[in-house]
Structure formats: structure tokens, C-alpha cells
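The figures here come from the full heavy-atom set of this structure, side chains too, leaving out hydrogens, waters and symmetry mates. Letters A, B, ... mirror the listed sequences (proteins, then strands); counts begin at 1.
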There are 2 protein chains.
Amino acid sequence: MAETLTTAALTLKDIAREAGVSLATVDRVLHNRPGVRPDTVRRVREAIERNSFQPHVAAAELARGRARRFAFVMPSGPNPFMQQIEAYLGEMTAWLSARRLNVEMVTTDVFDASVLATSLEALSGDYDGVAVVALDHPTVRAAINDLVDAGTKVVTLVSDVPSSRRHHYVGIDNIAAGRTAGALVGRLVGGRSGKVAVVAGSQGLRDHAERIFGFNQVMASEFPDLSVLPVLEGRDEDARSEQLLARLLGRHADIVGLYNVGAGTQGVAKALSEAGRDKVVFVGHDVTALTRKLLLQGVMDAAISQNPGHEARAAVRVLLALARGEPILREQEKIRIDIVMRDNLP
Amino acid sequence: MAETLTTAALTLKDIAREAGVSLATVDRVLHNRPGVRPDTVRRVREAIERNSFQPHVAAAELARGRARRFAFVMPSGPNPFMQQIEAYLGEMTAWLSARRLNVEMVTTDVFDASVLATSLEALSGDYDGVAVVALDHPTVRAAINDLVDAGTKVVTLVSDVPSSRRHHYVGIDNIAAGRTAGALVGRLVGGRSGKVAVVAGSQGLRDHAERIFGFNQVMASEFPDLSVLPVLEGRDEDARSEQLLARLLGRHADIVGLYNVGAGTQGVAKALSEAGRDKVVFVGHDVTALTRKLLLQGVMDAAISQNPGHEARAAVRVLLALARGEPILREQEKIRIDIVMRDNLP
DNA sequence: CTCAAAATGAGTTGCGTACCTCAAAACACC
DNA sequence: GGTGTTTTGAGGTACGCAACTCATTTTGAG
């Protein structure tokens with residue numbers, strides 16, 4: 001009827017006694033300090049294992065004295081999604097200061113590899129952890145690896161650099177996101193046949209390219225009655241997206257679905273409404289003030305969302321766990337692909 | 001270019017100096033201990049506010065000495081969803097013991113108000129916090145209020161008792177969940193007209209009733225071409241659900257959609273397949289091993305899910321924050337209504 | 001003004017760890 | 001056996017707060 005999930009509360013002193021050594025030696029082993037014979041290390045490690053000893057987080061945190069410093073390297077310029085991440089970080093200030101954590105925002109041009117790399121190098125040594133919205137480029141990869149080598153914990157945020165030795169990636173699987181978008185468009189079109197338009201920022205961006213890849217995968221294999229038109233590159237700008245899409249709608253009367261891969265949503269919506277094509281199934285990304293409105297109006301049918309609040313908090317928690325040497329709760333920190341429709345708007 | 005999100009690290013000593021009182025007085029104010037003049041209380045509070053002082057969590061935790069005890073009161077009997085919650089709690093053991101938190105599972109018949117109330121009363125005094133999957137009944141409400149009055153922090157889990165004075169509810173808005181199911185069935189049916197079947201555990205269960213309410217709301221207002229058949233009460237049992245649904249399918253050849261409100265999924269799927277009605281749009285709840293398989297096979301079209309791992313962790317975090325007197329990160333602890341289709345299976 | 005009650009100050013101890021120093025012991029090598 | 005080096009022990013201090021005691025001051029009622 002009752003079952004406990006936790007073990008007895010041992011202390012380092014207990015471990016020392018168990019292993020037949022002094023506190024100092026246990027401390028040396030625990031912090032990988034030199035001057036302990038391999039055999040002794042083993043004995044201590046065994047005692048720790050045997051009792052599944054966990055250092056008391058609070059005591060450790062208190063004893064180390066100095067506060068931890070984390071940096072968030074984010075894109076400069078207005079980007080609603082990034083602004084949301086910043087806002088959610090702002091809501092954590094009480095939580096952060098109660099733990100004596102310093103989080104600093106550093107903005108830079110993340111789309112210029114050398115600028116981004118320089119910004120990253122500049123952080124070296126000063127920070128315990130860095131979260132970065134990264135461009136996947138050899139120069140950036142090298143900068144990340146340098147940080148890691150200097151002992152800084154590094155987390156990539158939203159956009160990954162899988163080839164680097166970053167400790168963790170906080171973000172979604174963009175291929176799966178594209179597949180989800182494809183499934184939604186296909187299903188919501190509901191058996192009709194016709195054409196599907198795709199508007200992206202640029203196919204050069206890793207996340208956009210991956211989404212398109214996943215989208216096409218699903219469309220090709222599961223919805224043969226729908227043909228995907230060539231991707232329009234709107235550069236995430238409203239005006240350009242609107243113009244390109246308006247022209248496309250004019251040329252094809254049988255467009256039944258639309259996938260907007262990135263931003264520029266305002267322009268896309270405008271092109272649709274001005275062409276009187278409200279029936280087109282419209283799937284896009286992210287829940288912002290705008291997409292929220294469009295969903296409620298029925299202009300957009302679904303949004304694929306990666307919870308920005310979750311991403312911000314996960315990045316902080318992961319950096320903290322890494323810095324403390326705690327295990328990461330993978331399940332907790334995994335960012336889900338949310339399907340948001342009018343009735344489950346968060 | 002760089003901006004800090006946290007304030008200087010003050011200590012209680014600083015606050016005492018600021019307020020012109022001694023450490024002892026600050027301590028009395030902070031812990032609502034008696035023997036401080038109202039005017040002095042005000043001065044101290046102001047100093048705390050003025051400097052937005054946050055007690056160092058680690059120091060406070062270390063100083064209080066004794067570990068905190070939390071109890072999870074869960075339904076006895078096999079229930080995959082509840083088992084998942086327990087499993088996720090189990091994955092947290094390292095996290096819990098590093099913070100010297102004791103979590104105990106207490107199983108009881110949560111569907112019998114007096115039994116549940118007795119179980120709750122039995123916990124009084126022994127625990128700092130209680131999470132309970134609660135039946136909404138006056139007896140239970142009273143038991144919860146008694147716990148609250150005794151100083152125990154109480155969180156309702158999955159199923160709420162809104163009329164009680166519980167500190168927090170960790171779970172989804174079931175009306176919105178039902179609405180979401182309705183929107184999905186309606187949209188995925190794709191313009192065809194016909195009938196829609198609804199299978200529930202019992203309309204006496206608050207969450208099931210709310211889901212059905214939301215479902216009907218959407219069907220009535222937005223999908224007039226679909227008519228909802230009377231609810232089948234399968235009592236969350238496979239055999240009974242299968243039998244009832246099989247009979248219904250036999251009587252109505254024009255069933256195009258199906259909403260399974262609770263468990264009994266196995267039986268529902270079997271009835272569908274044995275009647276050869278694979279084309280029926282099938283929307284249900286929760287991602288389990290079974291529903292995962294059905295989604296991958298294309299038998300189920302979508303599942304409405306409330307992330308059980310998130311619920312388990314949120315309950316612990318909320319209880320901890322309440323016990324510490326920390327603010328709750330509402331956005332973080334809010335449970336979302338997840339739409340899960342084949343391509344975004346977690 | 002007196003006296004008890006209330007309010008406040010001053011101080012102590014302990015929580016479990018990190019980090020440091022210094023001395024002592026064990027060891028390796030010739 | 002002596003030398004120098006490595007390994008280990010013993011102990012201390014600090015971190016910020018909770019919780020407590022006891023002495024002292026202030027306050028208010030009579």
C-alpha cells in the first residue's frame with residue numbers, strides 16, 4: 001500500500017568510514033583531484049556505488065560559494081520566437097536568484113559564422129555554461145569545441161550543431177516536425193486532390209531544409225493525390241512571402257494546401273485572403289500573437305509549435321545539471337512537437 | 001549586447017542592516033514567528049522588497065535539517081496511465097535523493113469517497129505535501145481541507161476537486177480536451193457526413209463527463225453534417241467496450257467517426273477491425289504502448305495526451321515550491337493538451 | 001512611576017559539502 | 001638503509017540560513 005522511492009540519507013563521512021579512508025581522500029576522489037592511488041580510488045568509488053550515495057545538492061551548492069554564470073547567445077534583430085524565449089527567461093528571475101544563478105543574454109548575428117564564432121570565443125573562461133542558437137558551420141563548430149575544451153558546458157538551442165561536441169541539444173527534431181506538418185496538411189485536405197504550396201525562409205537554413213525534407217517525405221508516400229509545388233523562398237519576410245505566394249495562387253487555381261515553414265506568416269495570410277482562397281488548408285509554425293489570431297479566425301488550420309518557454313527553462317536546467325555533474329532528466333528536457341489547433345491553444 | 005537577468009546576491013545580514021534590526025528579528029518576520037511589532041514587520045518587509053531579496057534556497061534547505069516527505073495517493077488496480085506516472089517518478093530517484101526528498105506511493109480505492117477520505121486523513125501530520133488523484137465528492141473535499149488546515153501542501157493530480165482549498169491542480173482542462181477531440185474527428189472526417197460514436201468509461205466520472213461535454217459542443221456548433229450517437233458506457237473495460245461498439249457498428253452503416261473518451265482502447269480497436277470498418281476516424285486518449293501501436297498501424301488517427309511524465313514531475317516540483325514558499329512557475333507546471341499523431345509520437 | 005509583558009538584540013550551533021593546509025605515513029628506488 | 005616522492009590523515013574555515021537561548025530594552029497598563 002505504501003512504497004518509498006528514496007534511499008537513506010548518507011553523508012560523505014559515512015562513505016569515508018565505509019571505504020576505510022578519511023574525508024579528505026573521499027573528497028579527492030569525488031573531485032578527481034590527483035594524489036590518490038588507483039586502488040584507493042576504486043575502494044571509494046565502490047563505497048559510493050554500494051550505497052548509491054548522492055551528494056546533497058544544497059550543501060554542495062552552498063559550499064562552493066561563487067555563483068554560476070550562464071550566457072545565452074541569441075540572434076540580434078526582432079524575432080518573435082526568440083523574444084518569447086527571452087521573456088520566459090525573464091519570468092524565471094526569482095527562481096534564478098534564489099539559486100544564485102546569473103544568466104546573461106548576448107545578442108549577435110548568428111547567421112554570420114565568423115561573427116558568431118568570435119562572440120563565442122569571447123565568452124571563454126568567464127562562464128560556467130553557454131546556450132547558443134547556432135549556425136551549423138565549421139567555424140562555429142570549432143568555437144563550440146574550444147568552449148567545451150575550456151570546461152564550459154555548452155547547449156545548442158533551437159538549432160543544433162550535431163558535429164560539434166556540445167553537451168546537449170535543446171530543440172525539436174525538424175524532420176519529424178516537417179513530417180507532422182505533411183500529415184496534417186494531407187489529412188485536413190480530406191481526400192481532395194490538388195496542389196500544395198510551400199513557403200520557406202531559405203532552403204539554406206538547416207532547420208527549414210529539414211522540415212521541407214520531412215514534409216515532402218510524407219506527401220510523396222502517403223498523399224499521392226497531392227502534388228507539392230516548388231518551394232517559395234520568402235526569406236522570412238512578410239512582403240516578399242506575400243508577393244511570391246500571390247503570384248503562385250494566381251497561376252494555380254487548384255491549390256488546396258499550404259505549408260509555411262518559417263516566419264513571414266503575416267504576408268502569407270494576406271496573400272491567401274486577398275486572393276479569396278480561405279478554404280486552402282494552411283499549416284504553419286509557432287504560436288505567436290499573430291498565429292494565435294489566425295487560428296482563432298480559422299485562417300490557419302494548425303500550427304506546429306516548439307514550446308519556447310519549455311526550451312528556455314530546459315536550457316537553464318540542463319546547463320545547471322551539467323555544471324553540477326547531476327544526471328539530466330532526458331524525458332523532461334526533451335522538446336516535443338506540439339500540434340496546436342484552435343481548441344488546444346495554450 | 002549583453003544583459004543580466006539577476007540581481008546582486010544579498011544575504012539576511014544585509015537585510016537586517018538595511019532595516020536597522022538584528023538578524024533574529026528578520027528571521028522572525030521571515031518565518032511569521034510572533035513577537036514583532038507590526039511596524040517593525042513592515043520595515044523588514046520593505047527592505048526585503050526594496051532589494052528583491054531571495055533567500056538562498058541551498059542554504060535554507062541545508063539549515064532545516066530534516067528531509068521533506070511527500071505522498072502520492074494513487075488508484076489501486078492496474079491502470080496504464082497511472083503506472084506511467086509511477087514509472088516517471090521512479091526515474092527521478094537520483095534527483096529526489098540529491099535533494100533529500102522522500103516520495104512515497106500510497107495506493108487506495110480512489111473511486112470510493114470514504115475510503116479515499118480515510119486514506120487522506122491517515123496522512124495528516126506525517127507529510128509535508130500530498131498529491132492525490134481525487135474523486136470530486138464532499139467527503140473527499142473535507143479530507144483535503146483538513147490536510148490543508150494541518151499545514152500540509154495539497155496538489156490534485158489528473159482529476160481535480162475545484163471546490164476544495166487544494167493549493168494547486170496538476171492536470172488538463174478536460175472540456176478543452178473534449179473540444180480538441182471533436183475538432184480532430186470533424187476535421188479528419190473531411191467533409192463527409194454521417195454518424196459519430198462515443199465510447200466512455202462512465203458519464204459519472206468528472207473528467208469523462210467534461211470531455212464529452214466539450215466534444216458535443218464542437219460537434220454541434222461546427223460539424224452539423226455529423227450526428228453524435230448516444231454515449232456507450234464501457235466502464236473502461238476492453239470486453240464490454242468491444243461488445244457495445246460491435247453492436248452499434250452493426251446497426252449503423254454510416255458511422256464515420258469514433259471518439260474513445262477513456263480506456264478500453266483494445267476492445268474498441270478490435271470491434272472496429274472485426275467489423276472491417278478501418279476507415280472510421282478514430283480519436284482516443286493517452287499515449288500508451290497500445291495506442292502507440294494503433295497510431296503507427298493507422299488504426300487510430302490521433303490521440304489526445306496529457307504527458308504523464310510531465311504531470312509526475314510537475315506535481316513534485318509544485319509540492320516542493322509550495323513547501324519552500326517559493327513562487328510556482330505557472331507556465332512550466334501547466335499541463336498541455338497534446339495532439340499526438342503518427343509523425344509526432346514522442 | 002512601577003512592574004509585567006512584549007519586543008528586540010546578541011549570540012550559538014549545526015546542516016553537508018568544498019577547499020585548503022600541514023604533518024605523518026607509506027612507498028619506490030638505489 | 002637512506003633518500004625523495006607520493007599518498008593519506010587530521011583538521012580547519014567558510015558558505016547562508018534555521019532554530020534556538022538568554023539577556024536586555026522598550027512599551028503599555030495601572
Among A:Arg66, A:Arg100, A:Arg68, A:Arg99, the one residue meeting salt bridge (charged side-chain N to carboxylate O under 4.0 Å, His left out) with A:Glu61: A:Arg68
Could you check whether any side-chain N or O of A:Asp27 sits under 3.5 Å from a backbone N or O of A:Leu23, counting only pairs where one atom can act as donor and the other as acceptor? no
Identify, between B:Thr25 and A:Leu23, the residue whose nearest nucleotide on DNA chain C lies closer to the 5' end. B:Thr25
Donor + acceptor pair across side chains of B:Arg317, A:Gln332 (<3.5 Å): yes
A:Thr40/A:Val21 under side chain to side chain contact (heavy atoms under 4.5 Å, CB included): CA gap, chis, key distance, verdict: CA-CA 8 Å; A:Thr40 312; A:Val21 299; 3.9 Å; yes
Which residues satisfy the side-chain contact (heavy atoms from CB on, under 4.5 Å) test with B:Ala94, sequence neighbours excluded? A:Gln54, A:Pro327
In Watson-Crick or G-U wobble terms, both distances under 3.5 Å, what is the partner of D:dT25? C:dA6
Output the rounded distance in Å from CZ (A:Arg324) to C1' (C:dT17). 13 Å
How would you summarise protein contacts on nucleotides 14-22 of chain D per nucleotide, using B for base, S for sugar-phosphate only and - for none, with heavy-atom distances below 4.0 Å? -BBBSB---
Of residues 34-43 of chain A, the positions that come close to DNA chain D - non-hydrogen atoms, cut-off under 4.0 Å: A:Gly35, A:Val36, A:Arg37, A:Thr40
Stepwise salt bridge (Lys or Arg N to Asp or Glu O under 4.0 Å) test for B:Arg42 and B:Glu46: CA-CA 6 Å; B:Arg42 193 181 44 69; B:Glu46 276 175 11; 3.0 Å; yes
Is B:Asn145 reaching over with its side chain to a backbone N or O of B:Arg165, donor-acceptor style, under 3.5 angstrom? yes
In terms of side-chain heavy atoms, does A:Thr108 have a donor or acceptor partner in A:Ser119 at a distance below 3.5 Å? yes
